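If you're wondering where the values come from, they're calculated on a predicted model, not measured in any experiment. In what follows, every chain begins at residue 1, and chains take the letters A, B, ... in the order their sequences are listed.
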Amino acid sequence: MIVSRFFEAVVRWQRQHGRHDLPWQGSTDPYRVWLSEIMLQQTQVSTVLGYYDRFLRRFPDVQALASAPLQDVLALWSGLGYYSRARHLHRCAQTVVQRWGGQFPQCAKDLQSLPGIGSSTAAAIAAFCYGERVSILDGNVQRVLTRLLAFEGDLAQSANAKVLWQQAQALVPADATHLQMRAYTQGLMDLGALVCKRSRPACGRCPAQSSCMAHARQQEGDFPVKTRQLRRRTERWWLQVVRRAADGAYWLQPRPAQGIWAGLHAFAVLDEGEAAAQPPAGASGAEGPLWHDPIRHSLTHRDLVLQPVEWRVAAYAPEGPGCWVRSVAELDLGLPAPLRAWLMQRLASAAP
DNA sequence: GAGGCGTGGCA
DNA sequence: TTGCCAAGCCT
């Protein structure tokens, strides 16, 4: 197919049928675009809608974000998942302020040198904000292009993903304007989200239907080819819930810097039930244990069974840092989603 | 290169 | 219920 035909078809389709009212559209402020792109990594639009405006109000510009404590950033990210994004976001803001004079770099190559910005996010920012003629290649585009081209390569192998990206880049005309790049980049995402969906694609509404090789073969469902499958295993964690007898406050402590929920606040995690049945070290006047109903929580690669084991203590002097939480208002912290839900329920229903 | 890293929606 | 996976990046 003539390269520019696909490009122009997507641009035209986006202007007429694409999304135009998302909160991060209509601005070419790289800070706003960058924030949206990071939040949208592996995260659906409907989820991000509940976070984006609140985050922007708290951190209206890159300087505000850079100078904030990381814990404040994690608190606003709480529930969004993939918390390394929040840590990278914070570091990236500081890098932009300290090394780039407060201005985001203006080309994809330099953007990609920043923490948390990979090749696809760099391309998205560069295309939206500066009209750079680079192609994104996220999950949407992989699906759209592998179908368009009947691309058989297994995308689990990075060499194939690289080839597809070169094909994607080849679809962008050398003389594309800034306005076209914006519409095209958004159009690829909109096509993937609204038309060229994973299951039951709406080919009748697709601007590229007549040139789609997978459609011609009625093999839309065969693309993209991606063999990688990760195995999920179940783990049982005992949560050591330390509660102050005087006021019912809960003790929360920061998670290790690596691993699941890194840097968030949580109960201490023990991997043995026997340990959970012992009074917490540093506690005096401990009463318990009280075994709560287990919380089932699934991650991409792990099924967790969280078993809260509560101890009421008269006094507590633990080894590491932490904080007491005794009301819903004090849940203004970076918390794993299942623990936030559990605490919300208990703090909301508890007597004052 | 392969695996770790959250959450929620949907088939 | 279970599995899949979305505007990916990092190690």
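At whole-Å resolution of the value, CD in A/Gln258 and P in C/dC10 are 14 Å apart. A/Leu74 has its CG atom 14 Å from the C1' atom of B/dC5, to the nearest Å. Taking atom CZ of residue A/Arg255 and atom C1' of nucleotide B/dG4, one finds them 14 Å apart after rounding to whole Å. For A/Trp165 and C/dA7, the CH2 to P distance is 15 Å, given to the nearest whole Å. C/dC5 atom P lies 12 Å from atom CG of A/Leu155, rounded to whole Å. In this structure, the CG atom of A/Asp190 is 15 Å from the C1' atom of C/dA6, given to the nearest Å. The distance between atom CD1 of A/Ile260 and atom P of B/dC5, rounded to the nearest whole Å, is 5 Å. Between A/Glu235 atom CD and B/dG6 atom P the separation is 13 Å, expressed in whole Å.
Heavy atoms of A/Gly259 sit under 4.0 angstrom from primed sugar atoms or phosphate atoms, though from no base atom. A/Arg200 comes within 4.0 angstrom of no nucleic acid atom, judged by non-hydrogen atoms across all strands. Nucleic acid contact class of A/Pro224 (heavy atoms, under 4.0 Å, all strands): none.
Place A/Arg233 and A/Ser78 on DNA chain B by their nearest nucleotides, and A/Arg233 ends up nearer the 5' end.
Linking Ile, Leu, Val, Met, Phe, Trp and Tyr residues whenever their side-chain heavy atoms come within less than 4.5 Å places A/Leu80 and A/Leu49 in a single cluster. Hydrophobic clustering keeps A/Val134 apart from A/Leu188 (ILVMFWY residues linked when any side-chain heavy atoms are closer than 4.5 Å, directly or through intermediates). Under the 4.5 Å side-chain heavy-atom criterion for grouping Ile, Leu, Val, Met, Phe, Trp and Tyr, A/Leu114 is connected to A/Leu70 within one hydrophobic cluster. Hydrophobic clustering, with ILVMFWY side chains joined whenever heavy atoms are under 4.5 angstrom apart, groups A/Ile125 together with A/Phe104.
The pair A/Arg296-A/Glu235 does not meet the salt-bridge criterion, since no charged nitrogen lies less than 4.0 angstrom from a carboxylate oxygen. A salt bridge does not link A/Glu220 with A/Arg147: every distance from a Lys NZ or Arg NE/NH1/NH2 to an Asp or Glu carboxylate oxygen is 4.0 Å or more. Residues A/Glu287 and A/Arg312 are not paired through a salt bridge, judged by the lack of any N-O separation under 4.0 Å between the basic side chain and the carboxylate.
In this model, the phosphate group of B/dC5 is approached by a side-chain N or O of A/His301 to a distance below 4.0 Å at OP1 or OP2.
Taking the ring centroids of A/Tyr52 and A/Trp24, they lie under the 6.0 Å cut-off. Aromatic pair A/Trp13/A/Phe6: centroids not less than 6.0 angstrom apart.
You won't find any donor-acceptor pair under 3.5 Å spanning the side chain of A/Ser298 and the base of B/dT7, going by distance alone. Residue A/Arg19 places a side-chain atom within donor-acceptor reach of the base of C/dA7, judged by atom type and a 3.5 Å distance cut-off alone.
Using a 4.0 Å cut-off on heavy atoms, the residues of residues 82-99 of chain A that approach DNA chain B are A/Tyr82, A/Tyr83, listed by number. Listed in residue order, the members of residues 24-51 of chain A having a heavy atom less than 4.0 Å from DNA chain B are A/Gln42, A/Thr43. Heavy-atom distances under 4.0 Å link DNA chain B to no residue of residues 111-134 of chain A. Scanning residues 138-146 of chain A for heavy-atom distances under 4.0 Å to DNA chain C yields A/Asp138, A/Gly139, A/Asn140, A/Arg143.
Partners of A/Arg87 under the salt bridge (Lys or Arg N to Asp or Glu O under 4.0 Å) rule, at least two apart in sequence or in another chain, do not exist in this structure. With sequence neighbours excluded, the residues forming a side-chain contact (heavy atoms from CB on, under 4.5 Å) with A/Ala249 are A/Arg244, A/Asp247, A/Trp324, A/Arg326, listed by chain and number.
One P atom belongs to B/dG6, the other to C/dT1, and the distance between them is 24 Å to the nearest Å. Between the P atoms of C/dA7 and B/dG4, the separation comes to 23 Å (whole Å).
Between the side chains of A/Thr300 and A/Arg232, no donor N or O sits under 3.5 Å from an acceptor N or O.
In the set C/dA7, B/dG9, B/dG6, C/dA7 carries the atom at the smallest distance from any side-chain atom of A/Ala193. In this structure, the nucleotide among B/dG4, B/dG6, B/dG1 sitting nearest to the side chain of A/Trp261 is B/dG6. Among the nucleotides B/dT7, B/dG1, C/dA6, the one closest to any side-chain atom of A/Ser158 is B/dG1.
A cation-pi arrangement is not found for A/Arg340 relative to A/Trp342, the charged atom failing to lie both closer than 6.0 Å to the ring centre and inside a 45° cone about the ring normal.
Contact check for A/Tyr250 versus A/Val242: no side-chain heavy atoms found under the 4.5 Å cut-off.
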ring-ring contact (aromatic ring centres under 6.0 Å, His included) between A/Trp77 and A/Tyr51, worked out: CA-CA 8 Å; A/Trp77 206 269; A/Tyr51 287 82; 7.6 Å; no
